[in-house]
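All remarks here apply to the structure that follows.
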There are 2 protein chains.
Amino acid sequence: MSRKLLEQNGICPVATTIDLLSSKWKVLIVRDLLTGTKRYSELKQSVAGISQKMLTQSLREMESDGLVTRHAYAVIPPKVEYRLSDLGNSMRPVIETMANWGSVYLDQNPDKRKKLAQSE
Amino acid sequence: MSRKLLEQNGICPVATTIDLLSSKWKVLIVRDLLTGTKRYSELKQSVAGISQKMLTQSLREMESDGLVTRHAYAVIPPKVEYRLSDLGNSMRPVIETMANWGSVYLDQNPDKRKKLAQSE
DNA sequence: CAGGATCCGTAGCGATACTG
DNA sequence: CAGTATCGCTACGGATCCTG
């Protein structure tokens with residue numbers, strides 16, 4: 001079903017990108033990994049609001065899509081680090097462009113900034 | 001719930017952008033409107049695979065978010081045109097960056113291009 | 001610490017039928 | 001043509017409990 005989009009839209013590059021960044025969580029994970037390697041628990045913190053189920057699931061999918069690499073250390077307590085692959089890193093411009101747009105938008109709509117800042 | 005992301009992530013610019021481009025459909029609609037005004041039926045065609053429910057719903061939300069403007073003509077049969085607002089147009093770089101990334105990705109992964117081209 | 005496995009509610013969405 | 005309204009499914013995702 002996640003592939004349907006592409007089937008129907010042929011091979012649109014935009015649709016391709018969306019397909020790999022299918023959920024909002026993945027975008028935020030890439031955002032946070034752009035600054036470097038992060039542990040599972042760190043991501044859990046920085047990607048605020050994500051459940052561990054979604055974090056794990058997203059990371060697994062991103063791994064199999066080649067966006068992220070996983071590095072597990074055989075220590076106790078366990079330590080697992082995630083970092084962007086070259087492919088994942090190549091998404092930097094995409095995320096940055098989104099960040100730029102969002103910044104300008106927030107600057108020009110201080111009202112919404114406020115509304116969103118305080119819960120609902 | 002669409003706002004939760006922003007509440008919890010403070011006022012992250014990336015999350016802000018995602019919030020307005022919440023669904024894949026909206027991204028594709030912006031993509032198609034970047035080339036100019038389009039009628040409802042044209043969008044239904046170009047955004048392949050979208051149901052009329054989703055198209056209408058997406059357009060309504062984008063309108064209230066200020067991304068799109070609606071122009072209805074009192075003729076029979078009805079004629080309704082949609083175009084990007086200035087805000088919507090300002091998303092051009094975002095979509096283009098995604099398009100660029102997708103192009104490169106497809107070029108470097110001809111296998112996936114094939115896999116996706118033929119259903120499943 | 002980094003998860004795997006379940007249970008389960010609900011929002012997202014498609015399909016269908018109807019209208020100005 | 002460009003919608004609105006309803007019904008009904010399912011899969012997305014949160015909450016919770018358990019483990020090496």
Side-chain angles (χ1 to χ4, degrees), chain A residues 1-9 15 18-29 32-33 37-64 68-83 119-120, chain B residues 1-9 15 18-29 32-33 37-65 68-83 120:
Chain A
M1 184 238 189
S2 73
R3 304 278 119 155
K4 258 187 190 167
L5 180 62
L6 283 170
E7 292 171 23
Q8 296 168 331
N9 271 31
I18 297 178
D19 196 53
L20 286 180
L21 246 40
S22 53
S23 83
K24 67 187 180 190
W25 297 126
K26 293 185 184 178
V27 181
L28 297 179
I29 290 172
D32 288 346
L33 288 181
T37 299
K38 289 237 172 3
R39 298 184 59 167
Y40 182 88
S41 52
E42 292 179 300
L43 284 172
K44 186 85 167 51
Q45 287 292 320
S46 62
V47 184
I50 195 172
S51 65
Q52 118 270 62
K53 175 181 177 176
M54 278 301 96
L55 179 54
T56 301
Q57 182 179 307
S58 301
L59 286 170
R60 293 287 175 275
E61 292 176 6
M62 294 169 79
E63 208 187 334
S64 84
V68 157
T69 56
R70 196 182 101 110
H71 307 270
Y73 300 87
V75 296
I76 292 181
K79 175 177 177 180
V80 180
E81 293 184 337
Y82 292 91
R83 69 187 62 149
S119 68
E120 178 55 75
Chain B
M1 184 238 191
S2 74
R3 303 278 121 154
K4 259 185 191 168
L5 180 63
L6 283 170
E7 291 171 24
Q8 295 169 327
N9 271 32
I18 297 178
D19 196 53
L20 286 180
L21 246 39
S22 53
S23 83
K24 67 186 179 190
W25 297 124
K26 293 185 185 178
V27 181
L28 297 178
I29 290 172
D32 289 345
L33 288 181
T37 299
K38 292 239 169 5
R39 297 184 60 165
Y40 182 88
S41 51
E42 293 179 299
L43 284 173
K44 186 88 167 51
Q45 287 290 322
S46 61
V47 183
I50 195 171
S51 67
Q52 112 275 54
K53 177 181 176 177
M54 278 301 96
L55 179 55
T56 301
Q57 182 178 308
S58 300
L59 286 170
R60 293 286 174 280
E61 292 175 6
M62 294 169 80
E63 208 188 334
S64 84
D65 282 338
V68 157
T69 56
R70 196 182 101 110
H71 308 271
Y73 299 87
V75 296
I76 292 183
K79 176 178 177 179
V80 180
E81 292 183 338
Y82 291 91
R83 69 186 64 146
E120 175 58 76

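Quick caveat, the model's predicted, so the values are computed rather than measured. To find a chain, count down the sequence lines: A is the first, B the second, and so on, and within it residues start at 1.
Taking every side-chain heavy atom of B/R39 into account, D/dC1 is the closest of D/dG3, C/dG14, D/dC1. Nearest to the side-chain atoms of B/Y40 among the listed nucleotides D/dA2, D/dG13, C/dA2 stands D/dA2.
Listed in residue order, the members of residues 71-78 of chain B having a heavy atom less than 4.0 Å from DNA chain D are B/P77, B/P78.
B/Q45 CD: 12 or fewer foreign heavy atoms inside a 6.0 Å radius.
Taking atom CG on B/L55 and atom C1' on C/dG14, their separation rounds to 14 Å, with Å as the unit. If you take CD1 of B/I50 and C1' of D/dG3, they are 14 Å apart, rounded to a whole angstrom. Note: CE (A/M54) to P (D/dA11) measures 14 Å, nearest angstrom. Nucleotide D/dG13 holds its P atom 8 Å from the CH2 atom of A/W25, rounded to whole Å. B/K79 places its NZ atom 13 Å from the P atom of D/dG3, with the value rounded to the nearest Å. For the pair A/L43 CG and C/dA2 C1', the interatomic distance rounds to 12 Å; values are reported in whole Å. Between the P atom of D/dA11 and the CD atom of A/E61 lies a distance of 14 Å, rounded to the nearest Å.
In this structure, the side chains of A/R83 and A/K38 stay at 4.5 Å or more apart for every pair of heavy atoms. Side-chain contact between B/L33 and B/L43 is present, with at least one heavy-atom pair separated by less than 4.5 Å.
Where A/L59 and B/Q57 each meet DNA chain C at their nearest nucleotide, the meeting point lying more 5' is that of A/L59.
The structure places OG1 of B/T69 at 11.0 Å from CE of B/M62, a figure rounded to the nearest 0.5 Å. If you take CG on A/L55 and OH on A/Y40, they are separated by 4.5 Å, rounding to the nearest 0.5 Å.
When the side-chain nitrogen and oxygen atoms of B/S41 are compared with OP1 and OP2 of D/dC1, none of them lie within a distance under 4.0 Å. Using a 4.0 Å cut-off, no side-chain N or O of B/Y82 falls inside it from OP1 or OP2 of D/dC1.
Salt-bridge formation is detected for the pair A/K26/A/E61: a Lys NZ or Arg NE/NH1/NH2 atom is positioned less than 4.0 Å from an Asp or Glu carboxylate oxygen. The pair A/K44-A/E42 fails the salt-bridge criterion, with no side-chain N (NZ, NE, NH1 or NH2) lying under 4.0 Å from an Asp/Glu carboxylate O.
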Quick test: give all pairs of protein nitrogen or oxygen and nucleotides 4-6 of chain C nitrogen or oxygen below 3.5 Å, distance rounded to 0.1 Å.
unit_1: C/dG4; atom_1: OP1; unit_2: A/R60; atom_2: NH2; d: 3.4
unit_1: C/dG4; atom_1: OP2; unit_2: A/R60; atom_2: NE; d: 3.3
unit_1: C/dG4; atom_1: OP2; unit_2: A/R60; atom_2: NH2; d: 3.4
unit_1: C/dG4; atom_1: O6; unit_2: A/Q52; atom_2: NE2; d: 3.0

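Inspection of the A/Y73 and A/E81 side chains reveals an N or O donor paired with an N or O acceptor under 3.5 Å. Of the N and O atoms on the side chains of A/E63 and A/Y82, not one donor lies less than 3.5 Å from an acceptor on the other residue.
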